[in-house]
Amino acid sequence: MLMTVQEIEDQVTKIILSGKLDINGSLEIDKDFMDTIKSKKYVIVDMAEVSFIMSLGMRTLVSGAKEVAKNGGKLVICNPQSNVEDALRESSIDTLLPIVDSNTDLKKLFGL
Amino acid sequence: MANVDPKAYERSFFSSLEDIALICDWLEKLLTELSISSTKVFHSQLCVQEILSNIYEYGCPYYEDNQGQGSTTSHVCKITLTVKLSSDRLIIVIVDDSRPYNLLETKIKLIDKKLETAVPGGHGIRLIKKYADNINYCYKNNENQITLEFIL
């Protein structure tokens, strides 16, 4: 599981995940993800290259969203693959953090 | 469960992260080679990984408790995964010697739609019940046996 962090605008961070958020992938990335998130305000998690997710991976995403909310910010999931998006929606993760595509006006979404 | 006489593939392993990773890779490769659709591979992998994750996280301390000494010695459970494929269904049987746990009796977590109060995680059982077309559980000979059936 790979994680790349890009500061794309003032206060806006993109985290690009690549690989599988399976048991090992989720445990592998959880600490780095949370360490990265805790000082951020607006976070886009690009999941286009994530081919698998299970509840452990969803736990990491929701924990991250709660962390940025403490900073008055928001975390969004961008471009998930169809099976991954379906699993996220079946778990109602989309009611907690928005699922968007790359055409979404993120400035508007973040209220910037 | 349907009465079928499918081809069967079997692997036994332990509930370590290393073994679980290897067995999940084996399962994905096997199902892909058997021409199972990518969506069914995803669904079956997810169900299997949720069950293995539960065994890894919660299944083994039972034996420590039974020792009654507050021991922190880790116990590794033995797991056998059998894949059976017929023309119209995929059956995956997971047998393990961890503590008895009937996922069919587990209540599905209520969905909290407020981020402030939502407790992260705990969606595994919901996803298993959503994606597997049939689920069977029994406990015999000191082993859990979970059978997942996916209609192809």
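Everything numeric in this text was worked out from a predicted model, so none of it was measured. Just so it is clear: chains get the letters A, B, ... in the order the sequence lines come, proteins before strands, and each one is counted from 1.
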So, the part of L127(B) with a heavy atom under 4.5 Å from chain A: the answer is side chain

* Asked: Is it true that atom NZ of K107(A) has more than 12 heavy atoms of other residues, nucleotides or ligands lying nearer than 6.0 Å?
  -> no

CE of M54(A) to CD of E50(B), rounded to nearest 0.5 Å, is 4.0 Å

Are V5(A) and V68(A) connected, step by step, through hydrophobic side chains (Ile, Leu, Val, Met, Phe, Trp, Tyr) whose heavy atoms are closer than 4.5 Å?
yes

Whatever's closer than 4.5 Å to a heavy atom in chain A on E116(B) counts as backbone

OG (S53(B)) and CG (L27(A)) are apart, to the nearest 0.5 Å, by 7.5 Å

Rounding to 0.5 Å, atoms CD (E90(A)) and NE2 (H123(B)) come to a distance of 11.5 Å

Of L96(A), N83(A), V62(A), D22(A), the largest count of non-hydrogen pairs under 4.5 angstrom with chain B goes to N83(A)

| message | Are more than 12 heavy atoms, taken from residues, nucleotides or ligands other than E49(A), located less than 6.0 Å from that residue's CD atom? | response | no

Say whether V100(A) and V50(A) are linked into one hydrophobic cluster, either directly or through other cluster members, by side-chain heavy-atom distances under 4.5 angstrom. no

(message) Counting C-beta onward and ignoring hydrogens, is there a side-chain heavy-atom pair between E28(B) and K20(A) closer than 4.5 Å?
(response) yes

CZ of R126(B) to OG of S55(A), rounded to nearest 0.5 Å, is 11.0 Å

- [ ] State yes or no: do I128(B) and Y137(B) share one hydrophobic cluster built from I, L, V, M, F, W and Y residues joined by side-chain heavy-atom distances below 4.5 Å, directly or via other members?
- [x] yes

For Y131(B) and D86(A), the nearest pair of non-hydrogen atoms, with its separation, is OH-OD2, 2.7 Å

Turns out that what part of L46(B) lies under 4.5 Å from chain A's heavy atoms comes down to both

- prompt: Are I94(B) and L31(B) connected in the hydrophobic side-chain network, where two residues link if heavy atoms are under 4.5 Å apart?
  reply: yes

Highest number of heavy-atom pairs under 4.5 Å with chain A among L52(B), T39(B), D112(B) belongs to T39(B)

Of all heavy-atom pairs linking L115(B) and A69(A), the shortest is CD2-CB, 4.0 Å

So, the part of S51(A) with a heavy atom under 4.5 Å from chain B: the answer is backbone

Interatomic distance, CD@E57(B) vs CG@L56(A), rounded to 0.5 Å, equals 5.5 Å

Turns out that what part of K130(B) lies under 4.5 Å from chain A's heavy atoms comes down to side chain

Open item on the list: For residues V119(B) and L88(A): do they belong to one hydrophobic cluster (side chain heavy atoms under 4.5 Å, members Ile, Leu, Val, Met, Phe, Trp, Tyr)?
Closed with: no

Max heavy-atom pairs within cutoff under 4.5 Å with chain B, candidates M58(A), K66(A), K70(A), goes to K66(A)

